[in-house]
Every structure is written in C-alpha cells, then in structure tokens.
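Presented below is the structure to which this report refers.
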Amino acid sequence: LAVALLGVHTAAYTPGALVLIVSPTQRQSSEMFKTCVSLYARLGRPVPTQSETAATMTLENGSRIVALPGTDASIRGYHINEKGLLLLDEASRIEDDTYVATLPMVAGGGRVIATTTPWGQRGWFHDRWENGGATWQRFRVPATECPNRITPEFLAQARAELGDWFFQQEFMCEFKDSVDQLFTAEILDRMFTADAEPLDLLTPTNNEAA
C-alpha cells in the first residue's frame, strides 16, 4: 500500500513522470495498479485523468502509471527519467533477465524500489541485498513488527503449519537455503576458506575394518 501511494504521489505531483510497475506476472502488476487507481480516486483525483485502461493511467500533467508483466520481451522500450519511478513488486521472484531488461529504463536517473519477501539465497535480489553496496538502501520489516496487521496468534499458527523454512522467509524476511538446493550455503562457503576442517575419507570409522 505504501509503495502504491508513493507511485500515485509521484504521478500526481511530478509532471511528466513515468511510474512503471513490474511483477512476475501481469496479474500481480495489475493488482498494484488497481490499488494505485483506488488511492487516486480516494485522493479526489488531484490531476484530471486523460485516459485510463486496465493497465495504464495517463494524467493531464503528462504523467503515467503503467502495469507490466515480468517477462524480458514484453517490458522493453520504456524510458524513466530522473522524475520517474520503477516499482519491482515480489522482486525476489522476478527473473534475472527481466531485471536486467529494466536497467536501461532507469539510465536517466529514475528511482528503483524493490519490495518482496525472500525466496532462497539466489537471484539478483539476494545478490543486491548482500552485495549491492551503498547504491541500495535496505529496509527489513519482519511480520513481528506489524502487530496492528498481523497478530501473534496468526504468526504462531503460520509457524506451526508452514514449518521453520517457509515461515522464516515469508514472515521474518530471512534468506534461507533454496528448497531445491543440493549443497547448503554453509557448505559452499567452506569451499573458499582455509579455516574449515577437511573431510577425512581415508581414516576408517568404528564400523569399518582397518
């Protein structure tokens, strides 16, 4: 909701701004777009609407809000200048090649906001979170910090039903090993350090003959 409101504010009060919504699917992008349209109506439509479709709202001040699907081939061709905004919703599920396709869009200085829950220690979002440097500001808000929206009782039930792996990612913003990962991140990290004890495969165990 907060990100949708930011998109509406940018379009209404920054003439000529392009606000792009990119999600893994058109349906998800359309949901945020509908929220933007609803918020704009509740604000009394501070700038008259020039046109409005199921995926695009154009204002008379030259600003637009556009909802796009998260596929590489379908999102190219847009340019966001320094006034504009790129909203990446469910960012951890947006494919790497789609994210790469968005980079030329903000070459003119547009602002990028990526919101999501983690989805394993993989992909561009995890890499930017861990290695993005000062280019990215990071904000982590676990569900336990939203008591007015998510009750402790619901969280306890969710933990019991989902198990720790899903719960920590969906509600506590923790990057866990991918569910289909063959080797854990801990094992992979040990491959590149001299501090880890090597596996001794030659010394017989108590259950083996010398």
Side-chain angles (χ1 to χ4, degrees), residues 1-7 10 19-25 28-29 31-32 67-76 78 80 82 84-147 149-150 155 158-159 161-199:
L1 182 62
V3 174
L5 184 59
L6 178 61
T10 299
V19 178
L20 287 183
I21 303 170
V22 177
S23 302
T25 66
Q28 290 169 302
S29 295
E31 282 300 312
M32 181 177 283
L68 297 172
T71 56
D72 169 26
S74 62
I75 65 174
R76 295 179 179 272
Y78 289 91
I80 301 174
E82 71 280 356
L85 186 62
L86 173 62
L87 303 178
L88 302 174
D89 189 36
E90 293 294 344
S92 66
R93 307 266 179 160
I94 294 176
E95 297 292 341
D96 288 5
D97 56 354
T98 301
Y99 171 71
V100 170
T102 67
L103 293 182
M105 300 178 185
V106 293
R111 185 179 180 188
V112 181
I113 297 180
T115 57
T116 189
T117 53
W119 190 43
Q121 298 180 20
R122 60 183 168 191
W124 72 268
F125 182 80
H126 176 255
D127 180 69
R128 296 305 181 274
W129 183 272
E130 295 293 336
N131 308 307
T135 304
W136 292 84
Q137 288 182 288
R138 300 161 184 79
F139 302 93
R140 177 179 174 272
V141 185
T144 50
E145 295 183 13
C146 308
R149 180 172 175 265
I150 306 175
L155 291 178
R159 184 190 290 272
E161 292 184 5
L162 298 178
D164 186 68
W165 189 91
F166 284 106
F167 179 82
Q168 291 296 330
Q169 293 203 126
E170 289 294 329
F171 293 98
M172 302 306 293
C173 304
E174 296 288 343
F175 288 97
K176 310 295 285 185
D177 290 329
S178 301
V179 69
D180 55 353
Q181 194 167 321
L182 182 59
F183 299 105
T184 66
E186 180 182 0
I187 290 176
L188 294 175
D189 288 341
R190 291 175 63 185
M191 294 172 60
F192 301 96
T193 177
D195 299 330
E197 289 291 333
L199 295 175

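- Using cut-offs of 30° and 60° on the angle between ring planes, the pair F175 and W129 is tilted.
- Annotation: R140, atom CZ; neighbour count of heavy atoms from other residues, nucleotides and ligands within 6.0 Å is above 12.
- One distance of note links CD1 of I150 with OG1 of T144; it measures 9.0 Å at 0.5 Å rounding.
- Distance check: L68 CG to T25 OG1 gives 12.0 Å after rounding to the nearest 0.5 Å.
- Distance CG/D127 to CD/Q121: 12.0 Å, rounded to 0.5 Å.
- A91 approaches A114 most closely through the heavy-atom pair CB-CB, 3.7 Å.
- With Q169 contributing its side chain and T117 its backbone, the two residues share no donor-acceptor pair below 3.5 Å.
- Side chain of D96 to backbone of W124: a donor-acceptor contact under 3.5 angstrom is found.
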Audit row: R159, Q168, side-chain contact (heavy atoms from CB on, under 4.5 Å) steps and yes/no: CA-CA 8 Å; R159 184 190 290 272; Q168 291 296 330; 3.5 Å; yes
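- The CG atom of L88 sits 15.5 Å away from atom CZ of R93, with the distance rounded to the nearest 0.5 Å.
- The two atoms that bring F167 and L162 nearest to each other are N-CB, 4.2 Å, heavy atoms only.
- The side-chain contact (heavy atoms from CB on, under 4.5 Å) test with R111 singles out one residue from T10, L6, V106, and that residue is L6.
- Around atom CD of E95, no more than 12 heavy atoms belonging to other residues, nucleotides or ligands sit under 6.0 Å away.
- Considering every non-hydrogen atom in both A143 and L155, the closest pair reads CB-CD2, 3.7 Å.
- A donor-acceptor pair is defined here as one N or O able to donate and one able to accept, closer than 3.5 Å; no such pair exists between the side chain of W119 and the backbone of F125.
- Here the closest heavy-atom approach between residue I75 and residue A101 is recorded as CD1-CB, 4.0 Å.
- Contact of the L87 side chain with the L85 side chain is registered, since non-hydrogen atoms from C-beta on lie closer than 4.5 Å.
- For CZ of R128, the number of neighbouring non-hydrogen atoms (other residues, nucleotides, ligands) closer than 6.0 Å is greater than 12.
- Each of L86, V112, I80 was scored for a side-chain contact (heavy atoms from CB on, under 4.5 Å) with T102, with one residue passing: L86.
- Nearest heavy-atom pair across S92 and P118 is OG-C, 3.9 Å.
- Residues V22 and P69 come closest through the heavy atom pair CG1-O, 4.4 Å.
- To the nearest 0.5 angstrom, W165 atom CH2 is 13.0 Å from E174 atom CD.
- To the nearest 0.5 Å, the span separating OH on Y99 from CG on D72 amounts to 14.0 Å.
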